[in-house]
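Every value quoted in this text rests on a predicted model; they were computed, and no experiment measured them.
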2 protein chains.
Amino acid sequence: MSLRHALLGLLAEHPASGYDLLKTFETSLANVWPATQSQIYTELTRLADTGWISVTAEGPRGRKEYTLTDEGLAELRHWLTETKPQRNTRSDILLRVFFLGVLTPDQARAYLTGLADLSQQGHDDLRRLVDSVDWGDDDLSVHGRIALEYGIRFNAMRREWAEWAATQIR
Amino acid sequence: MSLRHALLGLLAEHPASGYDLLKTFETSLANVWPATQSQIYTELTRLADTGWISVTAEGPRGRKEYTLTDEGLAELRHWLTETKPQRNTRSDILLRVFFLGVLTPDQARAYLTGLADLSQQGHDDLRRLVDSVDWGDDDLSVHGRIALEYGIRFNAMRREWAEWAATQIR
DNA sequence: GTAAACATGTAACAGGTTACATGATTGT
DNA sequence: ACAATCATGTAACCTGTTACATGTTTAC
């Protein structure tokens, strides 16, 4: 389960509360590994039980600050170096392409040009984001920038593919 | 839930048994929407209960052949034209990139070049597959070819990105 | 005073995986 | 006769989503 390791990874940066982590998931990790509030709080409790993180401070409003333990860091490194990333990629978008034959050619082309537009927009949004951030050379900046570049290239690829695909219908 | 619609989509082609559909999932849909035997049989029963498919023949060994009903086809078209594809893309691969800072630069680069190799291999495999199939101009061929092209372009994009990313570490 | 933001927790449900369980038919 | 393939079904478990439930602090 990757949520576990996503939390360890974020806590490797610096200690944080469930609420802090939730905000990070809503912003920087939203497009890579979405997680809900309920899931994050539940998992933090489990991670603390396992001993990979521990509560190192308590603040107002019942705030609990978690810190990565040595065992947690070891587990994170183990996950990164020893286990293969192999989550099944399910693509709702691509699945639909298989069944476009039940639509009229016009409808099928509309689906693909819609995808092209969506990808163009995603591409532009990420481009703007890259330009608006002042990228340093710390770990977070370097890796965040690399992940963003992936998104940019991915959207560009998908736009071109969808445009080509639309020309292939009939 | 997309599995439901994947089954409707496959049955739109021609009637089939759970076993037939399972084989299709293991081959052509494996990279787009993986599904297990248990899931498929359970879902077929539910689809028949809903009235979107029906058992139109029974064969040896308890084989049941399902056929798409008019309501099922209507639902499939509705799904394709009226609902937005919006499944969250979770990427185990990309998630790891965020946390490469806890590794040594050598380890981080090794992860990225490993990804590049993986992508190159995926690219080559799909290329070979495209070349080995005699593509007709029926619906299945056209859309299967389009989906495959996506895979080829995706792998090429990812290889180039991973190679570039490796140069960005330190 | 009151709205927004901070902060956590739990229950019910849906979707997906693994494992178990069973049996019939076909080809050699 | 035996193995491979055909063929279906169910139970336990894990992950993830939605909704409910509660209370505090800060800023205006």
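A close approach under 4.0 Å does not occur between any side-chain nitrogen or oxygen of A:Tyr41 and OP1 or OP2 of C:dG9. For D:dC14, neither phosphate oxygen OP1 nor OP2 lies less than 4.0 angstrom from any side-chain nitrogen or oxygen of A:Arg46. Phosphate contact (OP1/OP2 of D:dT17, side-chain N/O of B:Arg90, threshold under 4.0 Å): present. Contact between the side-chain N/O atoms of B:Arg61 and the OP1/OP2 oxygens of D:dA4 is not found at any separation under 4.0 Å. Dashed line: the shortest gap from a side-chain N or O of A:Lys23 to OP1 or OP2 of C:dA7 is not under 4.0 Å. At the phosphate of D:dT15, neither OP1 nor OP2 sits under 4.0 Å from any side-chain N or O atom of A:Gln39.
Residue A:Thr36 places no side-chain atom within donor-acceptor reach of the base of D:dT18, judged by atom type and a 3.5 Å distance cut-off alone. Between the side chain of A:Ser17 and the base of C:dT8, no donor-acceptor pair of N or O atoms lies under 3.5 Å.
As rounded to whole Å, 13 Å separates atom P of C:dT8 from atom CG of A:Leu7. Taking atom CG of A:Leu44 as the reference point, atom P of D:dG16 lies 14 Å away to the nearest angstrom. A straight line from CE of B:Met1 to P of D:dG16 spans 16 Å, rounded to a whole angstrom. Summarising the geometry, the separation between CD1 on B:Ile40 and C1' on C:dG15 is reported as 14 Å, rounded to the nearest angstrom. Rounding to whole angstrom units, CD of residue B:Glu43 and P of D:dG9 are separated by 13 Å. Following rounding to the nearest Å, A:Asp20 (CG) and C:dC6 (P) show an atom-to-atom distance of 9 Å. Atom CD of A:Gln37 and atom P of C:dG9 are 9 Å apart (whole Å). With rounding to whole Å, A:Tyr19 atom OH is found 15 Å from C:dG9 atom C1'.
Atoms CG and NE2, on A:Leu100 and B:His143 in that order, are 5.0 Å from each other to the nearest 0.5 Å.
Closest to the side chain of B:Ser38, out of D:dT17, D:dG16, D:dA11, is D:dA11. Considering only the side chain of A:Arg63, C:dA7 comes nearest among D:dA11, C:dA7, D:dG16. Closest contact between the side chain of A:Lys64 and the listed nucleotides D:dT5, C:dG9, C:dT17 involves C:dG9.
With A:Lys64 as the partner, the side chain to side chain contact (heavy atoms under 4.5 Å, CB included) test is satisfied by one option alone out of A:Val55, A:Leu44, A:Thr45: A:Val55.
Using cut-offs of 30° and 60° for the angle between ring planes, the A:Trp79 and B:Phe99 rings count as tilted.
With no hydrogens or angles considered, a side-chain donor-acceptor pair links A:Arg158 and A:Ser119 at under 3.5 Å.
Within a 6.0 Å radius of CG in A:Asp49, more than 12 heavy atoms belonging to other residues, nucleotides or ligands are found.
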